[in-house]
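To keep things clear, I will list the structure first and then write my remarks on it.
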Amino acid sequence: MADHPTSSAAADMQNQILHQDGDARNRKKSVGLVEINNPDGTRKTVNLETLNEADAQLAAQFGYNPVFKREFGYLSTFSFAVSISGLFSTIMTTFSYPLYAGGSASAVWCWLISGAGCMCIACSVAELVSAYPTSGGLYFTVSRLAPKNWVASISWTVGWINLLGQIAGIASSEYGAAQMLLAAVSMGKDFNYTITTNTTIGVMAALTVFTGLVNSLSTYWMEKMTKTYVIFHVLVLVSCAIALLAKTPEADRHNAHYVFTDVDSTSGWKPTGFSFLFGFLSVSWTMTDYDATAHITEEISEPEIKAPWAISVAMLFTYVAGFLFNIVLCFCMGDPAVILASPIIQPVAQIFYNSLGKSGGIFYTVCGFIIIKFVCFTAMQSLARTVFAFSRDELLPFSNVWTKINSKTGTPLYAVWISVFWCIVINLIGLGSYAAIAGVFNVCAIALDWSYCIPIACKLLFGKFQPGPWHMGRLSPFVNAWACIWTFFVSIIFILPTVRPVAADTMNYASVFLVFICGCAAVFWYTNGRFYYHGPVVEAQLDENDSQSDRISGLPNEKAQKDTMV
């Protein structure tokens, strides 16, 4: 997949058209003929004048054939970015981590501290997405940020780590969805229903297949469904907070001194201040997958503007709203030992039941289930587009299969269903150990954040970055640097066991998953990948049979007029 040489004069003129002032609002639409890469690895000539502005940019600047319909606008893109965090439901599934680590104070202050670090990562990601809006996400940016000789190996590493993080994220979300659904069933039966690991795994598999069916719909229907999500989420979040504050019995209420200062570690780690840090996991698992919106940029109109705007604003909403909702939960949770020992294995669902009664508990637990399913829908859409994007660069085995686009839906159905398969497989380890499932939660945050910070570090180190319309100006290097430092810091915490003494059922298996996948990727690279993989497409190739002036001015020659235009 080596690139054909392009004259420097043509490249300079093309750059002038595509990067005028680095601002998409001032950018002129590219015209003329360009030779681009099909998903199946073949090449063809395209007349840029027949494409809309965003598709013309994708073809001329990035060398990819536009295959998706651009259905997503401002509201649906923002809703997509919000749905990835799934704030209400992801707090439900991870609230136990800060409670075990340090009690109420850990739940509150870890969110405030870690959320600031996550915001730095999110803004750094948004900046890169604005400059390079392709379905490859930050994996693609390596081709523009790293030295040419390093592009293949770095992008290979980033791609495989990102893929691991996305699969782990969906797998853990589907597992959490199964737990919520079964918790609602148990409430309805007055806790006389026993939730077993085998049942949870079975429900998880069925829910993951349902997610695959939803993602088999066209982009048009995915956009319509996604657009309504953010309104529902905000209504559930606000109404639940009000209901808890109004209905929690006085005996279960805590005062402000308890909420903000009580540190009560049950993890076994000493000193307690170190144990406190494990509370960062709840925030990092909620505020992650920032580049999910990047992976649908080829389905967004004006992606260089709308995608980074959605990422930054959605994460700011998640940061502020999550901090406030954690405070509400801490005020209303009663004895943390009681909710942590809940038979439904969902401390927040137990809070709903204790404060709002059976009907209220079931209602908001079901709402949490619906919200986390939206997380799974959008995350699966992002993962399938990632598999497609990686495959068109031949990063994955059997790439020619995963790049096939269904003629009826206009979506990569094979990529959807191979994603479903691996999300179910990774959760099957729960049949042997619940601790292994907890490791999936941990590895999600580690893998995704490192797949972002490697390109961010390339941006800082090599000075090749050309900003898009959304950028942080002079603050950019400082925010980028803190994003990398913060990721390194929390990664150390996330690979440590959260409970002591350490045994087989309390071990943190995140490091095992990470080493296994990275090891497999390394073996695949040295035995096979390095002989054919050359990194993401670097640039489009202008038709060699056209004169340079014709190519740039958009006046096709006689031969070009006979070519089939797409």
Side-chain angles (χ1 to χ4, degrees), residues 54 68-90 118 121-123 125-126 128-130 133-138 162 165-166 169-170 173-174 177 211-212 214-237 286-319 321-322 370-389 409-412 415-416 419 444 448 452 470:
F68 298 113
K69 292 184 178 180
R70 296 186 181 272
E71 304 279 5
F72 280 74
Y74 271 111
L75 178 58
S76 51
T77 305
F78 173 70
S79 186
F80 184 97
V82 171
S83 69
I84 284 297
S85 68
L87 175 63
F88 182 81
S89 58
T90 50
C118 292
I121 304 172
C123 290
V125 168
L128 291 176
V129 170
S130 180
T134 78
S135 290
L138 267 67
N162 184 266
Q166 288 196 62
I170 298 173
S173 296
E174 294 285 12
T211 300
V214 170
N215 269 270
S216 297
L217 300 173
S218 68
T219 300
Y220 172 83
W221 291 110
M222 292 296 294
E223 189 271 344
K224 296 301 180 189
M225 180 181 67
T226 304
K227 187 182 292 185
T228 62
Y229 165 82
V230 68
I231 300 170
F232 175 75
H233 192 173
V234 172
L235 289 176
V236 169
L237 191 65
T286 301
M287 293 182 65
T288 192
D289 209 1
Y290 317 106
D291 76 328
T293 309
H295 294 301
I296 66 161
T297 50
E298 293 177 32
E299 297 165 80
I300 301 173
S301 60
E302 295 184 296
E304 66 272 47
I305 299 170
K306 293 175 183 174
W309 170 84
I311 292 169
S312 55
V313 176
M315 286 303 110
L316 181 60
F317 163 77
T318 302
Y319 180 33
I370 294 171
I371 288 171
I372 203 168
K373 282 308 296 176
F374 268 97
V375 174
C376 298
F377 295 156
T378 51
M380 185 66 77
Q381 183 180 358
S382 171
L383 175 57
R385 290 354 177 226
T386 303
V387 171
F388 168 85
T409 66
T411 55
V416 169
S419 301
C444 167
L448 285 175
Y452 308 147
W470 195 103

* Structure fact -> Heavy atoms of Ser419 and Val387 approach each other most closely as OG-CG2, 3.7 Å

* Parallel, tilted or perpendicular, as decided by the 30° and 60° cut-offs, for the rings of Phe78 and Trp309 -> tilted

* Output all residues satisfying side chain to side chain donor-acceptor pair (under 3.5 Å) with Ser76, sequence neighbours left out; order by chain, then residue number. => Glu223

* **Residues forming a ring-ring contact (aromatic ring centres under 6.0 Å, His included) with Phe88, sequence neighbours excluded** => Phe325, Phe352

* Rounded distance (nearest 0.5 Å) linking atom OG1 of Thr409 with atom CG of Leu217 -> 8.5 Å

* Any side-chain heavy atom of Val375 within less than 4.5 Å of one from Ile170? -> no

* By side chain to side chain contact (heavy atoms under 4.5 Å, CB included), which residues pair with Tyr220, not counting sequence neighbours? -> Glu71, Ser218, Lys224

* First locate atom CD1 of Ile371, then atom OG1 of Thr90, and finally report the distance between them rounded to the nearest 0.5 Å. => 9.0 Å

* Structure fact -> Residues passing the side chain to side chain donor-acceptor pair (under 3.5 Å) test with Ser382, sequence neighbours excluded, are Gln166

* Of all the heavy-atom pairs spanning Val129 and Ala294, show the shortest one and how long it is. => CG2-CB, 3.5 Å

* Check whether any side-chain heavy atom of Val230 sits under 4.5 Å from a side-chain heavy atom of Phe317, and report yes or no. => no

* Structure fact -> Smallest heavy-atom separation, Phe377 atom then Met225 atom, equals CD1-CE, 4.0 Å

* In terms of ring plane angle, is the pair Tyr229 and Phe374 parallel, tilted or perpendicular, where the classes change at 30° and 60°? -> tilted

* Please round to the nearest 0.5 Å and tell me the distance separating atom CZ of Phe72 and atom OG1 of Thr226. => 4.5 Å

* Test log, rule side chain to side chain contact (heavy atoms under 4.5 Å, CB included), inputs Val214 and Trp221 -> CA-CA 9 Å; Val214 170; Trp221 291 110; over 6 Å; no

* What distance do His233 atom NE2 and Ile370 atom CD1 have between them, rounded to the nearest 0.5 Å? -> 12.0 Å

* **side chain to side chain donor-acceptor pair (under 3.5 Å) partners for Thr378, two or more places apart** => Ser83

* Asked: What is the minimum heavy-atom distance between Thr297 and Pro133, and which atoms define it?
  -> OG1-C, 3.3 Å

* Between the side chain of Ser130 and the main-chain N/O of Glu304, is any donor-acceptor distance below 3.5 Å? -> yes

* To do: Considering non-hydrogen atoms only, spot the tightest contact between Val416 and Ala384 and give its length.
  => CG2-CB, 3.6 Å

* Structure fact -> With sequence neighbours left out, the residues meeting ring-ring contact (aromatic ring centres under 6.0 Å, His included) with Tyr452 are Tyr290

* To do: Check whether any side-chain heavy atom of Asn162 sits under 4.5 Å from a side-chain heavy atom of Leu448, and report yes or no.
  => yes

* **Nearest atoms (heavy-atom pairs only) where Cys376 meets Thr211** => O-CG2, 3.5 Å

* **Side-chain heavy atoms of His295 within contact of Phe388, under 4.5 Å** => no

* Asked: Can you name the side chain to side chain contact (heavy atoms under 4.5 Å, CB included) partners of Ala81, sequence neighbours left out?
  -> Thr293, Ala310, Ala314

* Asked: Can you list every salt bridge (Lys or Arg N to Asp or Glu O under 4.0 Å) pair that touches residues 371-381, not counting sequence neighbours?
  -> Glu174-Lys373

* Structure fact -> Here the gap from Thr77 atom OG1 to Lys227 atom NZ, rounded to the nearest 0.5 Å, amounts to 9.5 Å

* Inter- and intrachain pairs under salt bridge (Lys or Arg N to Asp or Glu O under 4.0 Å), touching residues 77-89, at least two apart -> none

* **From Thr386 atom OG1 to Gln381 atom CD, the distance as rounded to the nearest 0.5 Å** => 10.5 Å

* Do the side chains of Trp470 and Cys123 get nearer than 4.5 Å, heavy atoms only? -> yes

* Structure fact -> So side chain to side chain donor-acceptor pair (under 3.5 Å) across residues 310-319, not counting sequence neighbours, yields Ser85-Thr318

* side chain to side chain contact (heavy atoms under 4.5 Å, CB included) assessment of Cys118 paired with Met315 -> CA-CA 8 Å; Cys118 292; Met315 286 303 110; over 6 Å; no

* Partners passing side chain to side chain contact (heavy atoms under 4.5 Å, CB included) against Leu235 (at least two apart in sequence or in another chain) -> Ile231

* Non-hydrogen side-chain atoms of Glu299 and Met222 separated by less than 4.5 Å -> no

* Asked: Do Asn215 and Thr411 come within less than 4.5 Å of each other through their side chains, counting heavy atoms only?
  -> no

